[in-house]
Amino acid sequence: MTPEELASAIQGQVAAAVQAGVLPQSCMATQVSVERPKNREHGDWATNIAMVLAKSAAKPPREVAQDLTTRLLTIPEITKAEIAGPGFINITLDSAATGLIAISIIQSGSNYGKSNQLNGETINVEFISANPTGPLHLGHTRWAAVGDAMARVLAAAGGKVSREFYINDRGVQMQKFAASIHAAATGLPVPEDGYLGEYITDLANQIKAKAPNFESLTPEDQLSICLEQGYALQLAIQQESLIEFGTVFDTWYSEAKMHADNKVVHALEVLEKHGHVDRKDGAIWLRTTDFGDDKDRVLVKSDGEYTYFASDCAYYIDKRERGFDRCFYLLGADHHGYVNRLRAVAACAGDNPDKSIEVLIGQLVKIMRGDQEVKLSKRAGDLILLTDLVAEVGVDAARYSLIRYPVDTPLTLDLDLLVSRTNDNPVYYVQYAHARISALLRTASELGHDWQNGNLEFDPGLLVTESEAILLGKLAGYPRIVGSAAELREPHRVARYLEDLANSYHKFYDACRVLPAATEELTSLNVARLHVCAATRIVISNGLDLLGVSAPQRM
RNA sequence: GCCCCCAUAGCUCAGGGGAUAGAGCAUCGGUUUCCUAAACCGUGUGCGCAGGUUCGAAUCCUGCUGGGGGCACCA
């Protein structure tokens, strides 16, 4: 029996109580919530329904609980229902009812945990969106991991998700980038505010190697080759490192192409049509203060140039016209000032920002090397790159350690720690549980035990020990973890859950012998426990998949 | 000045209004003739301060203190 089934069974008993006149009609509307009690002695599940209903029933919670308890005991799967504390009802299920979850997980396989909670909503998840003027650093890496996990979680909850990377390939930064490469290629001094770092020299060398006549070109032609080639090379480097990292975008969206396609002009027309555009001081403004921004924003400067903000507007409007119900922006804390203006843009375009825009602010990643904080500065070339992190700790550990914390808390990674003690990383703990089960199932098969289709049937009633009951309860809770991770936009919940699940599995493994000893025959108890193991492996594998972390067969 | 985020064990952090607030690391000790010991078991004076909301607050609200970040016709 899953918690959802239990909740609806309780709902049914509430209805019966209303029918019997014990509870007023108003109690029907109340949502029943079922939770796992922290303390195992309180049973398998607990509900606070009596306390919630107490007010509308105009009775003390314990009295409501008393009546419901009697009714709940008529449900065959419930062996015990007790009132506790202020009015909790603690419920113990028949061990067979608890154990059946294993079968249901095995049948669902990779679909276990998926739902249609988001009801096919089309969601655009935009993240990283780094300038193509340098490699991706650790700040981007947090989003590369979390943004992708977010997309996976939303998809598992029934969203139609598209991952998108916005390329800021237009504007002053690109010019500086080209000038910096050009300087490196020709031995000129680095321009003011230019980019530093070895990668600039590398790019310059690659460009010169591809264009043997480079030296003989005019400086203007050289510069334009540097821009074009430097951009292409650097973008390819970003794309490759993300693929290696396991983050694959559906769309790489070029700002320059958006301009070339006249999308910005179109966006201005849309905004104008909705009546929030002003002209003053020779510039064109969007009256974002109509919708809570603290000042109006310039779309077109008095010199006729579009602002970056104009691109933001056009990009948003284009996303909506491409059919996305909801646009996620995953931004660093240094961009939190954008939230109000993005929402105002949506409102100026005639949308309800509460529906169409969702901005998640990720606090910055602080990096320690021992006691020393490593300062990041792309211009100065002092970087911790995505590729560096992966080289040091591997994709799985890197992704996992970035995902397992909520994004709204600053994250401190100690590189020395991550490097020197990789075995202590929780990801290994979870992966080990998966590898351990894989080994066990492998052994079962090598010994010729046919536990799935053999003579012995799965008997869930044999799973009676404490560690089995705890493990089964955790397995039953997985779908709601995925659901809450999606609803709250907090993929880290999946990671925390997996650690908890792995812990329950290791304890189970320690307490319960799964396979028969070498000389003995397979028993029904072995079969039942093999089902539990198989179900656990499925859940770990499904959960790790949501994080983009591998589930190894061997370690 | 205005805005956002944060404050929980020695350290890094979990904890969607519920019962005795939890992990990992670190410390010290224990467990394997038996399926993977990357495991398991034991070892703890902790929710920054003050109010409020209610049957009940680490959780929600207000104020304060302390830390991080942000405020351009920049990108």
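Since we're looking at a predicted model, the values are computed, not measured. Reminder, nothing fancy here: chain letters follow the sequence lines and each chain counts from 1.
- Applying the ring-ring contact (aromatic ring centres under 6.0 Å, His included) test to A/Phe165 and every residue at least two apart in sequence or in another chain returns A/Phe249, A/Trp252.
- Between A/His42 and A/Phe88, a ring centre-to-centre spacing not shorter than 6.0 Å is recorded.
- Aromatic stacking of A/Phe88 on B/A19: satisfied, with centres closer than 5.5 Å and planes within an angle under 30 degrees.
- Partners of A/His531 under the ring-ring contact (aromatic ring centres under 6.0 Å, His included) rule, at least two apart in sequence or in another chain, are A/Trp451, A/Phe458.
- If you check distances only, the side chain of A/Asn90 does reach the base of B/A19 with a donor-acceptor pair under 3.5 Å.
- A gap of 10 Å separates the C1' atoms of B/A23 and B/G15, to the nearest Å.
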Using the rule given for side-chain contact (heavy atoms from CB on, under 4.5 Å), can you reason through A/Arg287 versus A/Cys348, listing the C-alpha separation, both sets of side-chain angles and the distance that settles it, and then say yes or no? CA-CA 8 Å; A/Arg287 216 166 48 243; A/Cys348 287; 5.9 Å; no

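- For RNA chain B, the neighbouring residues in residues 291-302 of chain A, judged by any heavy atom under 4.0 Å, are A/Lys295, A/Val298, A/Lys301, A/Ser302.
- Atom CZ of A/Arg62 is separated from atom C1' of B/C55 by 13 Å (rounded to the nearest Å).
- If you check the side chains of A/Ser550 and A/Asp396, you find a donor sitting under 3.5 Å from an acceptor.
- What separates CG of A/Asp510 from P of B/G42 is a distance of 11 Å, to the nearest Å.
- Across every non-hydrogen atom of A/Leu299 and A/Ala310, the tightest pair is O-CB, 3.4 Å.
- Taking 3.5 Å as the limit, the base of B/G70 and the side chain of A/His336 contain no donor-acceptor pair of atoms between them.
- No salt bridge links A/Asp510 with A/Arg513; every basic N to acidic carboxylate O contact stays at or beyond 4.0 Å.
- Across B/A75, B/C40, B/G69, the shortest atom-to-atom separation from the side chain of A/His506 is found for B/C40.
- Near RNA chain B, meaning a heavy atom under 4.0 Å away, there are no residues from residues 467-482 of chain A.
- A cation-pi arrangement is present between A/Arg436 and A/Tyr509 under the rule of less than 6.0 angstrom and at most 45 degrees off the ring axis.
- Side-chain proximity of A/Leu515 to B/G18, B/C35, B/A75: nearest is B/C35.
- Counting only Watson-Crick and G-U wobble pairs whose two distances sit under 3.5 Å, RNA chain B takes part in these stems of three or more pairs: B:1-7 with B:65-71, B:10-13 with B:22-25, B:28-31 with B:39-42, B:48-52 with B:60-64.
- When the shell of 6.0 Å around CD of A/Glu446 is examined, it contains more than 12 heavy atoms from other residues, nucleotides or ligands.
- Aromatic ring pairs are classed by plane angle as parallel below 30°, tilted from 30° to 60° and perpendicular above 60°; the pair A/Tyr505 and A/Phe508 is tilted.
- Among the candidates A/His259, A/Lys263, A/Arg170, the single residue satisfying the side-chain hydrogen bond (donor to acceptor under 3.5 Å, both in side chains) test with A/Ser311 is A/His259.
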Distances under 3.5 Å only, N/O to N/O: pair up the protein atoms with those of nucleotides 5-8 of chain B.
{"from": "B/C5", "atom 1": "O2'", "to": "A/Gln363", "atom 2": "NE2", "distance (Å)": "3.4"}
{"from": "B/C5", "atom 1": "O2'", "to": "A/Asp408", "atom 2": "O", "distance (Å)": "2.7"}

